[in-house]
Amino acid sequence: MSVKKMSAAESGGVSKRFGNEEYGDYILMPGDPQRIDTMAGQWDQGAKKLDFHRGYRAAVGLYQGTKIAAVSTGMGGPNLESPLHDFAAKGVHTFIRVGTTGAIQEHVNMGDIIINDACVRLDGTSKQYVRDEFPAAASFEVTMALVQAAEKLGFRYHVGTGCTTASFFAGQSRSCFNGYNRPYAELEMRELQQAQVLNYDMEGSALFTLARIFGVRAGMCASVIAHRITGEYFDDGGIERACLVGAEAVHILTDWDSQKRVRGKQYYVPSFSVSE
Ligand code: URA
């Protein structure tokens with residue numbers, strides 16, 4: 001995949017924000033800056049960690065010999081916009097959000113991995129880029145790589161639509177401090193459930209929409225740490241599993257992209273592996 005590189009001036013000088021470290025072409029994007037340590041701990045020895053202003057953190061290294069990087073994006077679309085914009089401008093072509101999420105379907109269990117291939121756009125950030133009818137869709141290649149990674153690792157996972165909100169409390173139909181409850185909150189969640197939406201998060205649709213506009217690939221996997229039907233809220237190790245799925249997906253995509261180059265193809269198709 002070829003992406004036009006911008007100079008620092010063209011990208012508003014923002015690429016300085018993340019230094020000149022060699023990040024490679026594939027970046028994992030956790031929200032929580034502490035997840036950088038979890039990720040780097042799963043990679044080959046020698047991963048290098050970096051701290052940036054405003055609490056952004058990054059790591060660069062190798063996973064099973066494949067170049068990999070991770071940059072934390074904080075909470076919500078506005079925080080994700082800057083690293084996505086800056087690294088796309090530097091020529092990075094693939095971004096994988098590795099997040100946490102709240103399930104809204106009964107058949108999804110705590111600790112499961114959700115791979116969102118599309119998200120409902122209640123994020124706010126993407127609205128400032130393009131009209132509401134524009135879809136928030138993941139790259140099919142990144143989604144397939146995440147599925148293959150979850151299969152290989154033997155983790156329980158689901159693939160489907162998420163809903164990205166600009167608010168954790170009212171936006172995700174939660175009761176708020178001081179007794180505030182949107183009267184239509186319950187109805188909104190019920191509508192999403194009936195439309196087979198699996199989960200709530202706060203970054204997915206901003207990532208998918210902006211990545212599509214910037215001409216780069218994006219995908220997302222998230223571990224279920226909240227269940228909106230049972231009321232549970234905990235991490236049973238799902239965060240570490242999601243980080244591993246992300247790393248494995250980078251390993252798989254790196255291989256698929258090299259197969260595409262050898263064959264002179266723009267897109268990966270599963271029959272490449274069958275005809276090996
Ligand atoms: N992240 C969210 O956005 N919502 C949840 O319920 C849990 C994690």
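Each ligand, and each atom within it, is numbered from 1 in the order the structure gives.
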>> Against ligand 1, does Arg174 come closer than 4.0 Å with any heavy atom?
In response: yes
> Is it true that His227 and Tyr233 have ring centroids separated by less than 6.0 Å?
Replying inline: no
> Strictly under 6.0 Å, is that where the ring centroids of Phe87 and Phe95 end up?
Replying inline: no
>> List ligand 1 atoms under 4.0 Å from Thr101, heavy atoms only on the residue side.
In response: 1 (N), 5 (C), 7 (C), 8 (C)
> Counting only N and O atoms by type, is there a donor-acceptor contact under 3.5 Å from the side chain of Tyr23 to the main-chain atoms of Val71?
Replying inline: no
> Any luck finding a side-chain donor-acceptor pair between Asp123 and Ser205 under 3.5 Å?
Replying inline: yes
> Which bit of Gln172 is near ligand 1, meaning a heavy atom under 4.0 Å away: side chain, backbone, both or neither?
Replying inline: side chain
> For atom 1 (N) of ligand 1, what's the nearest protein heavy atom and its distance?
Replying inline: Thr100 O, 3.5 Å
>> Distance under 4.0 Å to a non-hydrogen atom of Asp201: what atoms of ligand 1 satisfy this?
In response: 3 (O)
> If you round to the nearest 0.5 Å, how far is CD1 of Ile96 from SG of Cys243?
Replying inline: 12.0 Å
>> List ligand 1 atoms under 4.0 Å from Met202, heavy atoms only on the residue side.
In response: 3 (O)
>> Using side-chain hydrogen bond (donor to acceptor under 3.5 Å, both in side chains), reason through Ser175 and Asn181 one step at a time and then give a plain yes or no.
In response: CA-CA 5 Å; Ser175 299; Asn181 282 302; 2.8 Å; yes
> Should you measure from each heavy atom of Ala226, which atoms of ligand 1 turn up under 4.0 Å away?
Replying inline: 6 (O)
